[in-house]
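Notes follow the structure.
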Number of protein chains: 2
Amino acid sequence: MLSGEYEHTLDEKNRLTLPARFRPRFAEGLVLTRGMDNSLSIFSKEEFSRAIEARLAKLDQLSREGRLMHRFYFSGAVEAVPDKQGRVMVPQALLQSAEIEREVIVVGVFDHLEVWDRTAWRGYMKQVEENVEDAAERLAAQHD
Amino acid sequence: MLSGEYEHTLDEKNRLTLPARFRPRFAEGLVLTRGMDNSLSIFSKEEFSRAIEARLAKLDQLSREGRLMHRFYFSGAVEAVPDKQGRVMVPQALLQSAEIEREVIVVGVFDHLEVWDRTAWRGYMKQVEENVEDAAERLAAQHD
DNA sequence: GTGCTCGTACTCACCGGAAAGCATTTGATC
DNA sequence: GATCAAATGCTTTCCGGTGAGTACGAGCAC
């Protein structure tokens, strides 16, 4: 299970140092993709297949939205292997699409990591905290 | 079953000493998470899987609310093993989101512990005492 | 009331990881 | 082949996390 929040900074070569606790998990390689809500996502190869490829496979590429989702995820996907110091290069295009500056937050979200611009993350979490109790209430009401 | 109220203080490195009677239960490891109503929760790994992961698994991460709940719980979740003196590190981000200062109350709540800012807890308990009879009345009316 | 024991809180010292700067290698272009 | 740019690797410094030891206080027994 991936979890936690870690402040990191990109170096001037746009390299991201993975938090030390996550390195074993991604030592063999990882997939870096665009994510939702102006974030980037990091999956292991297996998790990417499971969480993204399998999910997208259910979407018909003949549909407008199916094509959209396929292009969104695959055009931005980069396979990479962290170097000996646990760093990965983040392509400029991904940084731009997530509006990420130098200061980022790396977040563990169960099956993947997310990379956020630090101020964007703070703003998002603020919203989340305002809404989470209502969301939880709705979940409780479903009781299935 | 976990119960009781214990006054504790965080040291200057933001470590929380678990009340001695709870240490055996969490000696193998625990999960510290954001909780509701400005509190923090402490689960054993198994209870966390049962209480949190299982519920979240039902939410599709393609939905806005699904992502929100995943990020809320996992970004705030830390797996930790108490040290020999029964202490665990509490990340700054969690303290901020629960608005906790140095002085806390550790509360046993059936299957987990909660950590509250001491004054916030006192205020909340006051409200609880005023409302518990009405809440009980409404629950009794549902009888399903 | 006195002394003992357990538990909490504090202090200090050490270790490891992050980040920045620098060095080296590789690859591309002319 | 030479020059430049980009990528990769190494090293040092600093800070935060971690551990151990100690002092203080409350509770209990004698």
Side-chain angles (χ1 to χ4, degrees), chain A residues 2-30 32 40 42 78-96 100-108 113-119 121, chain B residues 2-32 40 42 75-96 100-108 113-119 121:
Chain A
L2 299 169
S3 66
E5 243 177 71
Y6 301 84
E7 296 195 350
H8 276 246
T9 51
L10 301 180
D11 66 15
E12 89 267 30
K13 304 288 181 61
N14 290 340
R15 287 179 293 187
L16 170 69
T17 309
L18 294 179
R21 356 175 16 161
F22 298 141
R23 289 194 205 147
R25 178 135 178 176
F26 296 107
E28 306 302 315
L30 54 82
L32 178 66
L40 301 178
I42 297 177
V78 186
E79 286 192 65
V81 179
D83 66 21
K84 290 175 187 170
Q85 291 142 79
R87 297 176 300 188
V88 284
M89 249 280 292
V90 184
Q92 196 67 42
L94 290 190
L95 291 178
Q96 281 171 5
I100 287 176
E101 306 285 328
R102 310 275 322 283
E103 310 212 308
V104 300
I105 296 245
V106 180
V107 191
L113 299 180
E114 294 186 352
V115 184
W116 288 69
D117 180 77
R118 210 175 284 175
T119 58
W121 170 254
Chain B
L2 301 168
S3 64
E5 253 185 65
Y6 301 84
E7 297 196 350
H8 276 248
T9 51
L10 302 180
D11 66 16
E12 90 267 31
K13 298 290 182 66
N14 292 339
R15 286 179 292 189
L16 170 68
T17 310
L18 294 179
R21 48 176 311 191
F22 297 142
R23 286 188 207 155
R25 175 136 178 177
F26 295 107
E28 306 302 315
L30 55 81
V31 183
L32 177 66
L40 302 179
I42 297 177
S75 76
V78 188
E79 287 191 67
V81 179
D83 65 21
K84 291 174 188 170
Q85 291 144 78
R87 295 175 301 187
V88 285
M89 243 282 292
V90 185
Q92 194 70 42
L94 291 191
L95 292 178
Q96 282 172 5
I100 286 176
E101 305 286 329
R102 310 275 322 281
E103 310 212 308
V104 301
I105 295 243
V106 180
V107 192
L113 299 180
E114 294 186 354
V115 184
W116 288 70
D117 180 77
R118 211 175 284 176
T119 58
W121 170 253

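The sequence lines fix the lettering, A, B, ..., with proteins before strands; numbering per chain opens at 1.
Of the possible polar contacts, one joining the A:Arg102 side chain to the A:Leu10 backbone as a donor-acceptor pair under 3.5 Å is found. At distances below 3.5 Å, not a single donor-acceptor pair connects side-chain atoms of B:Arg23 with backbone N or O atoms of B:Arg87.
Contacts of B:Asp83 with the nucleic acid, taken as non-hydrogen atoms under 4.0 Å apart, involve only primed sugar atoms and P, OP1 or OP2. Using a 4.0 Å heavy-atom criterion, one finds that B:Glu103 contacts no nucleic acid atom at all. When heavy atoms are screened at a 4.0 angstrom cut-off, A:Arg21 is found touching no nucleic acid atom at all.
Put simply, B:Thr9 has a side-chain N or O that comes within less than 4.0 Å of OP1 or OP2 on C:dA9.
With a 6.0 Å radius and a threshold of 12 heavy atoms from other residues, nucleotides or ligands, B:Glu5 has its CD atom above the threshold.
Here the P atom of nucleotide C:dA9 and the CG atom of B:Asp11 are 9 Å apart, to the nearest Å. The distance from atom NE2 of B:His8 to atom C1' of D:dG25 is 14 Å, rounded to the nearest whole Å. Residue B:Arg15 contributes atom CZ, which lies 7 Å from atom C1' of D:dT18 at whole-angstrom precision. Here the P atom of nucleotide D:dA26 and the CD atom of B:Glu7 are 12 Å apart, to the nearest Å. Counting to the nearest Å, the C1' atom of C:dG7 and the CZ atom of B:Phe22 are 15 Å from each other. In this entry the distance linking OH of A:Tyr6 with P of C:dA18 reads 10 Å, nearest Å.
The base of C:dC10 lies outside donor-acceptor range of the side chain of B:Glu12, with no N or O pair under 3.5 Å. Side-chain N/O atoms of A:Arg87 and base N/O atoms of D:dG9 include a donor-acceptor pair closer than 3.5 Å.
The side chain of A:Arg23 approaches C:dA18 more closely than any other nucleotide in the set C:dA18, D:dA20, C:dT11. You'll find that the side chain of B:Lys13 is closest to C:dA13, out of D:dA20, C:dA13, D:dT8. Across C:dA20, C:dT8, D:dC10, the shortest atom-to-atom separation from the side chain of A:Lys84 is found for D:dC10.
Residue whose closest nucleotide on DNA chain D sits further toward the 5' end, between B:Gln85 and B:Met89: B:Met89.
Between B:Arg15 and B:Asp83, the closest heavy-atom pair is NH1-OD2, 4.4 Å. Taking every heavy atom of both residues into account, A:Ala27 and A:Pro82 meet most closely at O-CD, 4.1 Å.
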